[in-house]
Amino acid sequence: MKYYYTNGQNQATGPVSLEELKALLARSEITLSTNIVPEGESHWSALSSMPEFSGTLPVAGRHGVNSSSDGAIPDWAMIPVWRVEKALAWLKTILSSDFTDRLKGFSVSSGHQSVLITGALALLAAIVHAIRNQQPGLLVVGVAATLLLAVAQFAANRFLGSCAALLAATPTRTSSASMYDIFGLLLTLVGVGGLAGAVFGAIKEGGGAWLMVPAALVFALIYLAQASGSFHLKQLNVRVESDASAGEEAVGILAYFLKLSLFVVPLLFGLFSTLGALLQVAVLMVVLFQPSALEFLELMSGPFAAAGPLVGIALAIVATSLPFLVYVTFLLLYLFIDLFRAIVSIPGKLDALRRA
């Protein structure tokens, strides 16, 4: 017998066999609350109502919410579960792979533009400040910093590609996407909750507190991108396969947290590059129209006081260094994961040798 089921857009899909339904459930493409109907019939019911899937639900009885002899769970007890399942399906539709692809593409593009703008504005600020205060040394520092930023931007472009290649070269397996769905839900709650908190604080405090809202929005987008990777594991090169061992599950979860850093490094590059450009615009305005205000900035800069007009470049160099730093950190930490993977694979290899 074959069955039709409803997809994330509540459209009938199929028909598929019972084994295919089990595979879809293992990959979290459907859930126990997904509606199904046998081919040729018209009565839809939840997947959990099928005897083949009843064992995947916690059994109620004398230790549960229902003392009936068949141990069935009443519908009212599952209402929160079904609501969260529907919310999860909605989030998976909204936070799609296309969403993160567009977000990362925009971040990389705006990041490179911001780095170029930062370098040009910093050089202009250095020229104006050097001429006005007769400090030719600052002009030399400005030119050197701009050249350094150009090299750093070149390196960032290379390592952004290297991070993507490294993510594609480190496959992991899991027998179920349930753990990652939970991670995705938590990341979504943190991102949306942080943004809501910033808006609430801005409404309550007013004034400069509104400046926190754009920052909270950016970080919310980063969390939502990580949630998208958790919901759609192909983006993190995690394969859902029912024969994955417990050791592979452990390796996959450890690798998951490292892979998230590779996954969002384009967003971090765009964020810090944009902040650097905005900071450099503010410093240039000070240099041009309120040079006396630079004294405070130079005082705060301590031994780097002479480079006060170039503070935007410092943040841009941090942004362009992030892809390299994340890449190297991932490689070093993944060595331990590979070692753990080798250890947990020993029993399986010994079993294979015995059978041979």
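Nothing fancy with the numbering, it's 1 onward along the sequence.
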**Asked** Out of curiosity, Phe324 CZ to Leu160 CG, how far, rounded to the nearest 0.5 Å?
**Response** 13.5 Å
**Prompt:** So how far is it from Leu21 CG to Thr34 OG1, rounded to the nearest 0.5 Å?
**Reply:** 9.5 Å
**Prompt:** Roughly how far, to the nearest 0.5 Å, is CG of Leu325 from CZ of Phe159?
**Reply:** 9.5 Å
**Prompt:** Are Ile127 and Ile117 connected in a single hydrophobic cluster, I mean Ile/Leu/Val/Met/Phe/Trp/Tyr linked by side-chain heavy atoms less than 4.5 Å apart?
**Reply:** no
**Asked** Under 3.5 Å, side chain of Glu249 to main-chain N/O of Ser175, donor-acceptor pair present?
**Response** yes
**Request:** Output, in order, the C-alpha distance, side-chain angles, deciding distance and verdict of side-chain contact (heavy atoms from CB on, under 4.5 Å) for Thr170 and Phe330.
**Result:** CA-CA 11 Å; Thr170 50; Phe330 181 92; 4.1 Å; yes
**Residues which pass side-chain hydrogen bond (donor to acceptor under 3.5 Å, both in side chains) with Ser178, listed by chain and number, not counting sequence neighbours** = Ser176
**Asked** Would you call Leu116 and His112 a side-chain contact if the rule is heavy atoms closer than 4.5 Å?
**Response** no
**Request:** Decide yes or no on side-chain contact (heavy atoms from CB on, under 4.5 Å) for Asp181 and Lys92, but give the supporting numbers first.
**Result:** CA-CA 9 Å; Asp181 283 346; Lys92 286 184 176 182; 3.4 Å; yes
**Request:** Go through Leu262 and Leu258 one step at a time and tell me if the side-chain contact (heavy atoms from CB on, under 4.5 Å) criterion holds.
**Result:** CA-CA 7 Å; Leu262 289 179; Leu258 288 181; over 6 Å; no
**Asked** How many angstroms lie between atom CG of Leu221 and atom CG of Leu267, to the nearest 0.5 angstrom?
**Response** 8.0 Å
**Request:** Might you point out which heavy atoms bring Leu149 and Ala316 nearest each other, and give the distance in Å?
**Result:** CD1-CB, 3.7 Å
**Derivation of the side-chain contact (heavy atoms from CB on, under 4.5 Å) call for Tyr4 and Ile36** = CA-CA 5 Å; Tyr4 288 91; Ile36 58 141; over 6 Å; no
**Message:** As an exercise, state the distance from CG of Leu331 to CG of Leu335, rounded to the nearest 0.5 Å.
**Reply:** 7.5 Å
**Asked** If only atom types and distance count, is the side chain of Ser228 paired as donor or acceptor with the main-chain N or O of Ser96 below 3.5 Å?
**Response** yes
**Request:** Compare every heavy atom of Ala156 with every heavy atom of Phe269, then report the nearest pair and how far apart it is.
**Result:** CE1-CB, 4.0 Å
**Prompt:** Of all heavy-atom pairs between Ala169 and Asn237, which one has the smallest distance, and what is that distance?
**Reply:** N-ND2, 4.2 Å
**Message:** Do Gln280 and Val283 make a side-chain contact, defined as non-hydrogen atoms from C-beta onward lying under 4.5 Å apart?
**Reply:** yes
**Request:** Indicate the atoms forming the closest heavy-atom contact of Val115 with Ser273, along with that distance.
**Result:** CG2-OG, 3.5 Å
**Message:** Does Tyr5, at its OH atom, have more than 12 non-hydrogen atoms belonging to other residues, nucleotides or ligands within less than 6.0 Å?
**Reply:** yes
**Prompt:** Just how far is it from atom OG of Ser114 to atom CG of Leu121, taken to the nearest 0.5 Å?
**Reply:** 10.5 Å
**Message:** Membership question, hydrophobic clusters at under 4.5 Å side-chain separation (ILVMFWY): are Phe257 and Phe219 in the same one?
**Reply:** yes
**Message:** How close do Glu39 and Pro15 get, counting heavy atoms only, and between which atoms?
**Reply:** OE2-CG, 3.9 Å
**Asked** Are Leu288 and Leu284 side-chain neighbours, meaning at least one heavy-atom pair lies under 4.5 Å?
**Response** yes
**Request:** Using side-chain hydrogen bond (donor to acceptor under 3.5 Å, both in side chains) as the criterion, list what pairs up with Lys104, not counting sequence neighbours.
**Result:** none
**Request:** Output yes when a side-chain donor or acceptor of Ser17 lies under 3.5 Å from a complementary backbone atom of Glu20, and no otherwise.
**Result:** yes
**Request:** Say whether, by atom type as modelled, one donor and one acceptor occur between the side chain of Thr100 and the main chain of Ala225 under 3.5 angstrom.
**Result:** no
**Prompt:** Is Val84 reachable from Leu224 through a run of hydrophobic residues whose side-chain heavy atoms are each under 4.5 Å from the next?
**Reply:** yes
**Asked** Hey, quick one: are Trp90 and Tyr180 part of the same hydrophobic cluster, counting side-chain heavy atoms closer than 4.5 Å, chains of contacts allowed?
**Response** yes
**Request:** Would you name the heavy atoms of Val213 and Ala198 that are closest together and state the gap between them?
**Result:** CG2-O, 3.9 Å
**Request:** Not counting sequence neighbours, which residues clear side-chain hydrogen bond (donor to acceptor under 3.5 Å, both in side chains) with Tyr256? List them please.
**Result:** Ser230
Side-chain atoms of residues 183-192: list all donor-acceptor pairs with protein atoms under 3.5 Å, sequence neighbours left out, distances to 0.1 Å.
{"unit_1": "Thr188", "atom_1": "OG1", "unit_2": "Gly184", "atom_2": "O", "d": "2.8"}

**Prompt:** Between Tyr334 and Val326, is there a shared hydrophobic cluster once you connect ILVMFWY residues whose side-chain heavy atoms come closer than 4.5 Å?
**Reply:** yes
**Request:** Could you list the residues that satisfy side-chain contact (heavy atoms from CB on, under 4.5 Å) with Ser109, not counting sequence neighbours?
**Result:** Gln113
**Prompt:** Among all residues two or more places apart in sequence or in another chain, which pass the side-chain hydrogen bond (donor to acceptor under 3.5 Å, both in side chains) test with Asp338?
**Reply:** Arg341
**Prompt:** Are any of the side-chain heavy atoms of Ile94 and Phe99 separated by less than 4.5 Å?
**Reply:** no
